[in-house]
There are 2 protein chains.
Amino acid sequence: MGSLNDLVIDFRSGQPIYLQIVEQIRQKVASGELKPGDQLPTVRQLAAELRVNFNTVARAYRLLDEAGLISTQHGRGTYIWETPSPETLQTIRQQGLESLTRRYLAQAAQLGCTAEEVAKVINPMLERWRESGELPKPEPQEF
Amino acid sequence: MGSLNDLVIDFRSGQPIYLQIVEQIRQKVASGELKPGDQLPTVRQLAAELRVNFNTVARAYRLLDEAGLISTQHGRGTYIWETPSPETLQTIRQQGLESLTRRYLAQAAQLGCTAEEVAKVINPMLERWRESGELPKPEPQEF
DNA sequence: TGTATTTTTGTATCTTTGTATCATTGTATC
DNA sequence: GATACAATGATACAAAGATACAAAAATACA
């Protein structure tokens, strides 16, 4: 498990607990004490160590996740974010948006979709993205 | 065994793993890449490939089974059951397209692209596809 | 062949993990 | 004091994993 045995919470400092957790994990990542792929303690483990509600730890983890520092995975655990290897980063940069787009259209075509169908699906999403800055989240589907 | 060597799981997407499996198998059936009678990998094989618990694969298979797309047989294996009716095929295509599109936009966003940039790239390609029926060849991609 | 045993396959159940929602508490502001 | 809001806690839930099991197939052996 992640080496977070030395986290210290000051309950009287006036600074929220979840921010104290966030700050200290950030420092450990910055200093290299925590490396990509390292697993952090579960929200319940860390909460028990710190004598704190696990939702408070979950809140800290959520912030760090949104900041891209860690990756929390439902049912699996929480990990320091794995930076893509330099090669794949380079590949992505080189291939870029056009390549990504070609592949997307090819996959859509293989599904048997027409250009019209693709346009009808992607245009609203693009519009929404442009206006709200939000990407559509996958909705749960049922059968 | 079934050709599921190219299934890709994104552990950070927020979409449950079992749904990612379901979605990609549905797409392969809809596109004809998987045909009735084809045997799928066993739950343990696929789980090992994807680095996932086999119960997660079993859950995906169960959903597909309940949807009538595959037939899982205790002690024997799992097989594609039938090509869905045209209506369900259409539904699958639609959902698959939406799923593909979300992934595409997410990847574009990760590249740092804006909605405008994406539109500027994809619209000409769509236009050309609509008019000439041709779409640019994607170069092979791995990751 | 026929049968026993082992292996391979999917299933059932429970535990562990993170998430969502609401309730409680403290604090600031009026 | 009253109200609003932020921080924390309580509870219920969902996703994923661990373990033990059952059914079918494969194998060994007489």
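Proteins get letters first, then strands, A, B, ... in listed order; numbering begins at 1 in each.
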**Student:** What is the distance, to the nearest angstrom, from the OH atom on B:Y79 to the C1' atom on D:dA24?
**Tutor:**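 From B:Y79 OH to D:dA24 C1': 10 Å.
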**Student:** Classify A:Y18 by what it touches in the nucleic acid, base, sugar-phosphate, or nothing, heavy-atom distance under 4.0 Å.
**Tutor:**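 A:Y18: backbone/sugar contact only, no base atoms under 4.0 Å.
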**Student:** Mapping B:P16 and A:F54 onto DNA chain D by nearest heavy atom, which one lands closer to the 5' end?
**Tutor:**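 Result of the comparison: A:F54.
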**Student:** Is any side-chain heavy atom of B:E49 closer than 4.5 Å to one of B:R44?
**Tutor:**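 Answer no - side chains too far apart.
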**Student:** Measure the CD-CG distance between A:E98 and A:L100 for me, rounded to the nearest 0.5 Å.
**Tutor:**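 With rounding to 0.5 Å, CD (A:E98) is 11.0 Å from CG (A:L100).
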**Student:** Let me know the distance between CG of B:L63 and C1' of D:dA14, rounded to the nearest Å.
**Tutor:**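 Distance check: B:L63 CG to D:dA14 C1' gives 14 Å.
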**Student:** For the side chain of B:N55 and the base of D:dA15, is some donor closer than 3.5 Å to an acceptor across the two?
**Tutor:**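 No, no donor-acceptor pair under 3.5 Å.
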**Student:** Taking B:S99 as the fixed residue, which of B:Q27, B:R26, B:Q20, B:Q24 is the one that meets the side chain to side chain contact (heavy atoms under 4.5 Å, CB included) rule?
**Tutor:**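 With B:S99 as partner, side chain to side chain contact (heavy atoms under 4.5 Å, CB included) holds for just one option, B:Q27.
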**Student:** Distance only, no hydrogens: is a donor on one side chain within 3.5 Å (strictly under) of an acceptor on the other, for B:T91 and B:T88?
**Tutor:**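 The criterion, which ignores hydrogens and geometry beyond distance, is not satisfied for B:T88 and B:T91.
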**Student:** With a 3.5 Å limit on both atom pairs, tell me what C:dC30 is paired to, counting Watson-Crick and G-U wobble, or say none.
**Tutor:**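 The base-pairing partner of C:dC30, which may sit in any strand shown, is D:dG1.
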**Student:** D:dA20 P sits how many Å from B:R44 CZ, rounded?
**Tutor:**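 Roughly 13 Å, once rounded to whole Å.
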**Student:** Rounded to the nearest angstrom, tell me the gap between atom CG in B:N53 and atom C1' in C:dA12.
**Tutor:**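 Computing the B:N53:CG to C:dA12:C1' distance gives 13 Å.
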**Student:** How many whole angstroms separate atom CG of A:L50 from atom P of D:dA7?
**Tutor:**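 Rounded to the whole Å, the gap is 18 Å.
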**Student:** Applying ring-ring contact (aromatic ring centres under 6.0 Å, His included), can you list everything that pairs with A:Y104, at least two apart in sequence or on another chain?
**Tutor:**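 ring-ring contact (aromatic ring centres under 6.0 Å, His included) check on A:Y104 returns B:Y104.
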**Student:** At 4.0 Å (heavy atoms only), tell me whether B:Y61 reaches a base, stays on the sugar-phosphate, or touches nothing.
**Tutor:**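 Contact class for B:Y61: none.
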**Student:** Do the side chain of B:R62 and the base of C:dG10 come within less than 3.5 angstrom through a donor-acceptor pair of N or O atoms?
**Tutor:**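 A donor-acceptor contact between them is absent.
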**Student:** Does any N or O in the side chain of A:N123 come within less than 3.5 Å of the main-chain N or O of A:A119, such that one atom is a donor and the other an acceptor?
**Tutor:**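 Yes; judged by distance alone, with no hydrogens or angles, the pair exists.
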**Student:** How long is the line joining CG of B:L19 and P of D:dA14, in whole Å?
**Tutor:**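 It is 13 Å, rounded to the nearest whole Å.
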**Student:** Which nucleotide wins on minimum distance to the side chain of B:R59, given the candidates D:dA15, C:dT19, D:dT8?
**Tutor:**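 Nearest nucleotide to the side chain: D:dA15.
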**Student:** Over how many whole Å does the gap from A:I17 atom CD1 to C:dT27 atom C1' extend?
**Tutor:**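 Rounded to the whole Å, the gap is 15 Å.
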**Student:** Of the listed nucleotides (C:dT17, D:dG9, D:dA20), which one gets closest to any side-chain atom of A:T42?
**Tutor:**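 The listed nucleotide nearest to A:T42's side chain is C:dT17.
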**Student:** Listed in order of residue number, which residues of residues 64-77 of chain A have a non-hydrogen atom at under 4.0 Å from DNA chain D?
**Tutor:**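 Going residue by residue through residues 64-77 of chain A, the ones with a heavy atom under 4.0 Å of DNA chain D turn out to be A:H74, A:G75, A:R76.
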**Student:** I want to check one thing: is the phosphate of C:dG18, taken as OP1 and OP2, less than 4.0 Å away from some side-chain N or O of A:T78?
**Tutor:**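 True: A:T78 side-chain N/O within range (under 4.0 Å) of C:dG18 OP1/OP2.
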**Student:** Answer with yes or no whether the side chains of B:Q73 and B:S71 bring together a donor and an acceptor at under 3.5 Å.
**Tutor:**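 Yes, a side-chain donor-acceptor pair sits under 3.5 Å.
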**Student:** Return the value, rounded to whole Å, for the distance between atom CG of A:L46 and atom P of C:dG18.
**Tutor:**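 Going from CG in A:L46 over to P in C:dG18 covers 10 Å.
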